[in-house]
Number of protein chains: 2
Amino acid sequence: MTDDAPITLLIVDDHPVVRDGLRGMFEAAPGFRVLDEAANGVEAVEKAAGLDPDVILMDLRMPGGGGVAAIRELTRGGARAKVLVLTTYDTDSDTLPAIEAGATGYLLKDAPRDDLFNAVRAAAEGRTVLSPAVASRLVSAVRGPGAPRNEPLSAREREVLALVAKGTSNREIARELFISEATVKTHLTHLYAKLGVKDRAAAVATAYQRGILG
Amino acid sequence: MTDDAPITLLIVDDHPVVRDGLRGMFEAAPGFRVLDEAANGVEAVEKAAGLDPDVILMDLRMPGGGGVAAIRELTRGGARAKVLVLTTYDTDSDTLPAIEAGATGYLLKDAPRDDLFNAVRAAAEGRTVLSPAVASRLVSAVRGPGAPRNEPLSAREREVLALVAKGTSNREIARELFISEATVKTHLTHLYAKLGVKDRAAAVATAYQRGILG
DNA sequence: AGGCGCATCAGCCGATCGGTTGACGGCATG
DNA sequence: CATGCCGTCAACCGATCGGCTGATGCGCCT
């Protein structure tokens, strides 16, 4: 790939507004060429096969064809395209799966325009680009390839979690277990980290999926 | 039972402090007689068989022998004793199970002393006594015998709930679904009512148990 | 002896949640 | 056509949560 050849793009997002915004942004900048758009993962895989873009800008969380699955399919299919994940809002729980699935970069849509351009150029060259928030998450999560993070919860943590699943507030949990509210919060913070979630609702969901509850 | 015969009591609670408190309270008042105490459901069933108390004051949520199971066993065994449930803090999800299991009354420990006395007298006569909070829950839950309230969630509500289970905040859910945060909250309030829970964590738990999620 | 995980606690903060009340249009059912 | 459910939205409020920093004591393993 020479310096003057434009980087070709495929934009994947379920929000038409976002697609337009990205298209406009890249068409207005030199060195980029938007080949097409797709509204979901399935469509993205199809179009990528035909168009062979350099970089795919992909949203996660789309109706009808999740982003992570699409990435996995693309990389497994040996596609040349680099996938740059662009998440709508903040760093959610799909970060690691997306990267494990083969995403080359991961950043937030509210990143400055120039960061976006740089990220796409970097991705086109195969360099990994991560938004700071994501990067910090990754370093704190240096773990084996594809390991679904399975740290065991302590007995006390499981006890707290079980009460959380019953709708018990931290204060109530404290009274139930004869400990202070501060301790309850500590247990919660720890088990959030172990489960890889960020609030009690997600903790309960993950616990059910792993058979810790129910 | 004549007017001057004291009402005999069995106190069941895992907290020694609470047991002492109740014992002291009833021993100081005329017309009551505390026969014994138990620290869990199993012990309660055993002692009730031997002592034949008029009223059993029972906490729910105890380690080693849940209160509801004990109540069920007592009533199924044809015990004469009336069970008055005394919950530590507030109206939790065990309210209905406890009453269905055969509890004669249900009130909160922070009820005024006289309410407690009256409740025990009422229970001894077989009258049902409920704390206001519990009563209002019941009227809004005129369920058939043993029916675990199975109101179906609307499609939108299920959609919101699924995102909640992923740890998504209300604001993020709003963006995902192209609706306002106010609407998200409305959906949540509705689905809490339908599931009979009071926060998102319990909603997720209930949803898993009913197969709505996972 | 030193390190490590677990459990306990404090205080502060901003962000978020849940409750409440009230409202509007659409659509179906009766 | 009246009633009810669904979906949408607003504004306000107190309660709760989650993050952060930092600290102590205990038991276990090396």
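Reminder, nothing fancy here: chain letters follow the sequence lines and each chain counts from 1. This structure is a prediction, so every number in the text was calculated from the model and none was measured. Keep in mind that the numbers below use all heavy atoms, side chains included, and drop hydrogens, waters and symmetry copies.
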| remark: Residues at least two apart in sequence or cross-chain that pass side-chain contact (heavy atoms from CB on, under 4.5 Å) with B:Ala182, listed by chain then number, are B:Ser180

| field | Residue from B:Arg121, B:Met25, B:Arg23 passing side-chain contact (heavy atoms from CB on, under 4.5 Å) with B:Phe32 | value | B:Arg121

| field | Beyond-backbone contact of A:Ile11 with A:Val34, side-chain heavy atoms, under 4.5 angstrom | value | yes

Every protein N/O lying under 3.5 Å from an N/O of nucleotides 4-8 of chain C:
from  : atom 1 : to       : atom 2 : distance (Å)
C:dA7 : OP1    : A:Ser154 : OG     : 3.4
C:dA7 : OP1    : A:Arg156 : N      : 3.4
C:dA7 : OP2    : A:Ser154 : OG     : 2.3
C:dT8 : OP1    : A:Arg156 : NE     : 3.2
C:dT8 : OP1    : A:Arg156 : NH2    : 3.0
C:dT8 : OP2    : A:Arg156 : NE     : 3.3
C:dT8 : OP2    : A:His187 : NE2    : 2.7

| request: Decide salt bridge (charged side-chain N to carboxylate O under 4.0 Å, His left out) for A:Glu159 and A:Arg156; before the verdict, give the C-alpha distance in whole Å, the side-chain angles of both, and the deciding distance to 0.1 Å. | output: CA-CA 5 Å; A:Glu159 212 165 352; A:Arg156 205 52 160 170; 3.1 Å; yes

| query | Going by distance alone, is a donor N or O of one side chain under 3.5 Å from an acceptor N or O of the other, for A:Arg200 and A:Asn170? | reply | yes

| field | Residues in side-chain hydrogen bond (donor to acceptor under 3.5 Å, both in side chains) contact with A:Glu46, at least two apart in sequence or another chain | value | none

| task | Could you check if a side-chain atom of A:Ile212 sits within less than 4.5 angstrom of a side-chain atom of A:Leu153, using non-hydrogen atoms only? | result | yes

| field | Opening and closing nucleotides of DNA chain D in contact with chain B, under 4.0 Å to non-hydrogen atoms | value | D:dC6 to D:dC12

| request: Report yes or no: do A:Gln209 and A:Thr206 form a side-chain donor-acceptor pair below 3.5 Å? | output: no

| request: Give me the bend of the helix from C:dA1-D:dT30 to C:dG30-D:dC1, using the axes of the five pairs at each end, rounded to 10°. | output: 60°

| To the nearest Å, how far apart are B:Tyr192 OH and C:dT20 P? | 13 Å

| said: Whole angstroms only, please: what is the CZ-P distance between A:Arg200 and C:dC17? | reply: 12 Å

| query | Hey, are the side chains of B:Leu57 and B:Val120 touching, using non-hydrogen atoms and a 4.5 Å cut-off? | reply | yes

| said: Regarding C:dG19, can its base be found pairing with the side chain of B:Lys185 as donor and acceptor, where the two atoms are less than 3.5 Å apart? | reply: yes

| task | Return the set of residues passing side-chain hydrogen bond (donor to acceptor under 3.5 Å, both in side chains) with A:Lys47 (not counting sequence neighbours), or none when no residue passes. | result | A:Asp36, A:Glu43

